[in-house]
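In the text below, chain A, chain B and the rest are named by the order of the sequence lines, each starting its count at 1.
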Amino acid sequence: MILSQRKVHFWVWMSLTGLLPTVFLAGLIGRPEIPIVDKTSDELFAVADFFTRDTAALLASETVNVNGIDVQLAIMDLGLSSFGESVSDNLALTVTPSQPLSFSNTLVYWVPEETVPEILPEPVGVDAVLLGQLSGHSRRQFSVVPDMLSSPGYLLFYSHGQGVAIAATSLPTGELP
Amino acid sequence: MSVGYKAVQWSRPKLVYDTILLGAVGLYLYGFMAVTAAMDPTAGMHGVRIRAYGSAAFVLIHVILSIGPLSRLNPKFYPLLFNRRHMGVTMFLLALIHVNGWRWLKLPWRWLGASAPRWPIDFNGALTWYHDFGNLDPLVSLLVGNSHYSSFILFPFEILGLLALIILFLMAATSHDFWLANLTAPVWKMLHMSVYGAYGLLVGHVVLGALQTNKHPLLTMAVLLGLLWILTIHLVAGNREAQRDRSNLYLNSDEFVEVGCVGDIDNNRAKVVTIAGERVAIFRYDDKISALSNVCQHQNGPLGEGKIVDDCVTCPWHGYQYRPDCGSSPPPFEEKVPTFDVRLEGDRIFVRTKPNLAGTKVTPAVIVRSA
């Protein structure tokens with residue numbers, strides 16, 4: 001190395017010697033404890049589409065196979081009769097995988113089509129409605145859009161991270177309003 | 001230093017070097033995944049693979065950053081230096097796979113409008129595997145998802161990794177001799193010294209990322225020991241170099257200065273002194289003394305730490321050669337380094353402080369042996 005670079009090298013490493021151990025120690029000292037889940041966490045879970053309501057009534061339920069994993073679909077009546085104007089406002093679709101789907105960023109769409117296709121659509125069509133995101137194997141709660149009650153269609157599980165359609169299935173049948 | 005242009009001049013040592021490098025990386029990746037799977041059968045292997053590639057890149061940057069100072073401290077490490085660039089490119093690719101998996105392998109299918117086969121290339125990196133922001137593009141959510149820039153502990157560590165990856169990309173993209181020749185060695189070297197910044201960013205990435213969630217003491221100790229090792233050897237080597245530079249006694253002089261005795265220099269070797277701020281290599285060979293700039297034109301390697309091979313000064317880093325009496329590479333090569341006038345007074349060597357233009361032929365001082 002030429003002299004100017006040797007000087008740069010020397011002062012860069014002098015600076016890093018001061019900075020990096022400080023970052024390391026501060027990172028260890030400031031390491032947060034895992035927060036305990038309590039009632040105040042419910043709001044966060046609700047925002048993330050986790051199902052937290054235990055008074056809902058089951059209207060329809062079905063276990064479907066998504067890429068080799070059993071996933072329970074259910075339509076729930078949330079019992080919020082005064083909430084919203086549409087019937088669907090009181091309903092929720094819950095999705096509970098028996099184990100995590102091994103896909104990146106799995107999204108659940110409602111696609112208004114006459115039949116469930118044999119060849120899955122890639123990419124997702126513009127008329128598909130994004131219901132929410134699925135990760136892990138916790139029960140997720142998604143809104144029921146009015147079209148899901150009045151028009152034919154199917155649920156599409158789509159990996160946004162990998163850009164592949166995983167599975168398509170119809171809604172569970174039961175005593176829906 | 002090539003007759004005709006070749007993208008990579010493969011040689012047996014390079015092939016051996018690369019085979020050992022790739023073998024070691026493969027062994028590490030396999031070992032990481034196998035041991036993790038054995039210790040925790042419930043661990044999601046996709047996440048384990050992401051950690052395997054990320055940790056492999058982090059370990060490799062420690063190895064890369066160790067080679068330079070170790071070579072300065074002990075010439076036995078020079079063999080590790082001569083193909084370090086392949087190690088750097090390998091490290092960048094490991095980091096890229098950690099971030100983006102094998103998605104780039106799917107591009108040919110995507111360009112043809114077809115679906116890529118899932119196995120064996122269906123491996124997503126951290127960018128998409130841990131993405132949890134609905135249908136937002138993962139790269140966008142990486143940049144906007146965490147805005148705790150004013151908090152130290154909540155700082156978006158992913159950004160630190162991304163900045164390091166950009167630096168590593170620039171280095172990998174310009175690692176070829178084409179860029180070295182066109183940017184010139186000082187600029188190229190300065191650009192590649194940004195690896196120090198990348199290392200700092202990666203330490204921040206690991207401390208504010210993996211170490212926040214994985215509190216296993218073994219991981220903490222490994223990161224700490226790696227950090228202390230790198231800082232120590234760079235400080236020791238840098239301090240040694242600074243001490244040598246401080247021994248510069250000939251600033252602002254245009255005269256011949258005494259640099260030592262003939263007996264100080266082994267045959268076919270050199271003594272390095274600092275004259276007017278830069279280092280000069282004084283070679284002894286065939287009962288003659290010649291002085292050249294210590295800075296190789298290729299990567300600014302230390303010529304004075306090399307030796308005379310086939311009547312040429314040979315750089316210990318990559319084997320670039322120069323004739324000791326004129327500082328020019330033997331034909332057909334065209335590299336040149338500055339030369340210095342030399343004279344002997346008995347056993348004492350004197351060198352003019354002002355260098356000649358690169359490639360200027362200088363009559364070597366002849367050692368007269370007393371009867």
Q: Counting only non-hydrogen atoms closer than 4.5 Å, does B/His46 touch chain A with its backbone (N, CA, C, O), its side chain (CB onward), both, or neither?
A: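 Contact with chain A involves no heavy atom of B/His46 at all.
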Q: Are A/Val66 and A/Pro97 close enough that some pair of their side-chain heavy atoms sits under 4.5 Å apart?
A: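 A/Val66 vs A/Pro97: side chains apart.
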Q: Given a strict heavy-atom distance threshold of 4.5 Å, which part of B/Leu211 is in contact with chain A: side chain, backbone, both, or neither?
A: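 Interface part for B/Leu211: both.
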Q: Tell me, for A/Val23 versus chain B, whether the close heavy atoms (under 4.5 Å) come from the side chain, the backbone, both or neither.
A: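 Looking at A/Val23, backbone and side chain both touch chain B.
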Q: Measure A/Leu16 against the heavy atoms of chain B and call it side chain, backbone, both or neither at under 4.5 Å.
A: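 Contact with chain B: backbone and side chain both.
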Q: Need one label for A/Phe24: side chain, backbone, both or neither, based on atoms under 4.5 Å from any heavy atom in chain B.
A: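 Both the backbone and the side chain of A/Phe24 come within 4.5 Å of chain B.
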Q: Shorter than 4.5 Å, heavy atoms on both sides: which option in B/Leu127, B/Val223, B/Thr220 has the most such pairs with chain A?
A: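 If we count pairs closer than 4.5 Å to chain A, B/Thr220 comes out on top.
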Q: Less than 6.0 Å separating the ring centroids of B/Phe58 and B/His205?
A: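 Between B/His205 and B/Phe58, which both carry aromatic rings, the centre distance is not below 6.0 Å.
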Q: Give a yes or no answer on whether the side chain of A/Ser98 reaches the backbone of A/Asp70 with a donor-acceptor pair at less than 3.5 Å.
A: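 Yes, A/Ser98 side chain to A/Asp70 backbone: donor-acceptor pair under 3.5 Å.
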Q: Residues in ring-ring contact (aromatic ring centres under 6.0 Å, His included) with B/Tyr199, at least two apart?
A: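 ring-ring contact (aromatic ring centres under 6.0 Å, His included) list for B/Tyr199, sorted by chain: B/His62.
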Q: Is it the side chain or the backbone of A/Phe103 that comes within 4.5 Å of chain B heavy atoms, both, or neither?
A: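 For A/Phe103, the contact with chain B is made by backbone and side chain together.
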Q: Please check: side-chain N/O of B/His216 versus main-chain N/O of B/Leu218, any donor-acceptor pairing under 3.5 Å?
A: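 Present.
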Q: Given that the side chain runs from C-beta out, which part of A/Pro100 has a heavy atom under 4.5 Å from chain B: side chain, backbone, both or neither?
A: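 For A/Pro100, no heavy atom lies under 4.5 Å from chain B.
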Q: Tell me if a side-chain donor or acceptor on B/Gln212 pairs with a main-chain N or O of B/Val207 at a distance below 3.5 Å.
A: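 Judged by distance alone, yes, a pair lies under 3.5 Å.
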Q: Can you say whether A/Val124 sits under 4.5 Å from chain B via the side chain, the backbone, both, or neither, judging by heavy atoms?
A: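 For A/Val124, neither part sits under 4.5 Å from chain B.
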Q: Calculate, to the nearest 0.5 Å, the distance between atoms OG1 and CG belonging to A/Thr17 and A/Leu19 respectively.
A: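 So the OG1 of A/Thr17 and the CG of A/Leu19 are separated by 9.5 Å.
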